[in-house]
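Every chain is numbered from 1 and lettered A, B, ... according to where its sequence line falls, protein lines coming before strand lines.
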Amino acid sequence: MLQQTQVITVIPYFEKFITKYPTLSDLADADEEALLKDWEGLGYYNRIRNFQSAVREVKENYGAEVPEDPDEFFKLKGVGPYIGGAVQSIAFNHLLAAVDGNVLRVMSRLNADARDTTKAGVQKSVKEEIESMMPLEAGDFNQALMELGATVCTPRTPKCIVCPVQEHCEAFRDNTVHDYPVKKKKPKKKEEYYNVYFILNDREEIYLYRQEGDLLKGMYELPKFDVDTSMENIESELGVELDQKKVYIGSDKHVFTHKVWYMESYLLHTTSSNEHFMPLDEVRDVPMSTAMKKVFRKLATDGAGGL
DNA sequence: CATTCGTGGCA
DNA sequence: TTGCCAAGAAT
């Protein structure tokens, strides 16, 4: 949960998961769609699939005991350098570093390190440097380093005046704290323009399906097409016959890490039905991305009422 | 090594 | 309004 996600955001999800899935088996046996519903809104949805995969692996191949051997633990899905170091140091006191964004920022300033911290090789180097001076209280040390970054050595206005390691900080000495960490600039987000359709039939059902591909995989979405797609193509793609008149619902923008969706939504009627149609009162129970929820919200407020 | 994975808060 | 950033990992 904590991968690229703030602690404050994670807390309510964490509470829900440990309550609803208190044991390894509860998580291992859970339905993927139910897990996605509980993860809804947290983003990076592959994380929960990876986690379930790791839990099943532990249950089946490690006697339901989380492996204390770092080499074994690192084999689990979703376990990378950070999670591996964090868990193995905090839970089992192995002398491994837990290098997250906070730690990279702290270390780059301490050393006035101008290397690009987005590069895996640089992160590995920082990890090895920390491990070369790791005290026996590895878990505490890792958490202290992260906490220092989260509360004192912050991105914008670091509180150098109260920093406990100020006298060791090369960037502070040089008055160049704001030059670190060095990161390569992110490429511009790709803009994508879609028409999104609420297709309702006579039985109060709506066309809704699980998203495939990689982005938002497993989350339910409304039929969505490039803006230049003809109605004939849409009917043929979806296997439905659509009434001529369509009602404009609204416009939504949704920003992802690497792309932006611009969505225009419309309400359409059909007399068709197929396996993709779902009763309207079941829509609330399926996992849906924040992007699609925005579109639905507009229908509920401005549209034909009813949801 | 670079790209692709969500979402919300903040300046 | 825009870009940055968050207890990163898989591909």
> Looking at residues 208-218 of chain A, who's got a heavy atom less than 4.0 Å off DNA chain B?
Replying inline: Asp214(A), Leu215(A), Leu216(A)

> What does Ser289(A) touch in the nucleic acid at a heavy-atom separation under 4.0 angstrom: a base, only the sugar-phosphate, or nothing?
Replying inline: sugar-phosphate

> For DNA chain B, whose closest nucleotide is more 5', that of Lys119(A) or that of Met219(A)?
Replying inline: Lys119(A)

> So does His258(A) get a side-chain nitrogen or oxygen closer than 4.0 Å to the phosphate oxygens (OP1/OP2) of dT4(B)?
Replying inline: no

> Given the side-chain rings of Phe296(A) and Phe198(A), with only the six-membered ring counted for Trp, is the space between their centroids under 6.0 Å?
Replying inline: yes

> Within the structure shown, what part of the strands sits under 4.0 Å from Gly149(A) by heavy-atom distance: base, sugar-phosphate, or nothing?
Replying inline: nothing

>> Roughly how many Å apart are dA11(B) and dA7(C), using the P atom of each and rounding to a whole number?
In response: 15 Å

> How would you list, by chain and number, every residue that makes a side chain to side chain donor-acceptor pair (under 3.5 Å) with Lys183(A), sequence neighbours excluded?
Replying inline: none

> Of all residues at least two apart in sequence or in a different chain, which pass the side chain to side chain donor-acceptor pair (under 3.5 Å) check with Tyr262(A)?
Replying inline: Glu191(A)

>> If we ignore hydrogens and angles and just use 3.5 Å, is the side chain of Arg47(A) paired with the main-chain N or O of Met1(A) as donor and acceptor?
In response: yes

> Can Asp26(A) and Lys20(A) be said to form a salt bridge (Lys or Arg N to Asp or Glu O under 4.0 Å), step by step?
Replying inline: CA-CA 8 Å; Asp26(A) 292 321; Lys20(A) 188 166 175 183; over 6 Å; no

>> Can you build the contact string for nucleotides 4-11 of chain C? Use B for base contact, S for sugar-phosphate-only contact, and - for no protein heavy atom under 4.0 Å.
In response: BBBBBSS-

>> Nearest whole Å is fine: how far is dT4(B) C1' from Trp261(A) CH2?
In response: 14 Å

> When rounded to the nearest Å, what value does the distance between P atoms of dT2(C) and dC5(B) take?
Replying inline: 23 Å

> Just how far, in rounded Å, is C1' of dC5(B) from NZ of Lys190(A)?
Replying inline: 14 Å

> Looking only at atom types and distance, does a side-chain atom of His94(A) sit under 3.5 Å from a main-chain N or O of Gly139(A), one as donor and one as acceptor?
Replying inline: no

>> Just to verify, which of Glu131(A), Gln123(A), Glu129(A) counts as forming a side-chain hydrogen bond (donor to acceptor under 3.5 Å, both in side chains) with Lys127(A)?
In response: Glu131(A)

>> Can you check the distance between dT1(C) and dG8(B), where both ends of the measurement are the C1' atom (answer in whole Å)?
In response: 16 Å

> To the nearest Å, how far apart are Met288(A) CE and dG6(B) C1'?
Replying inline: 16 Å

>> Among residues at least two apart in sequence or on other chains, which ones pass side chain to side chain donor-acceptor pair (under 3.5 Å) with Glu72(A)?
In response: Tyr62(A), Lys75(A)

> How would you list, by chain and number, every residue that makes a side chain to side chain donor-acceptor pair (under 3.5 Å) with Ser89(A), sequence neighbours excluded?
Replying inline: Asn142(A)

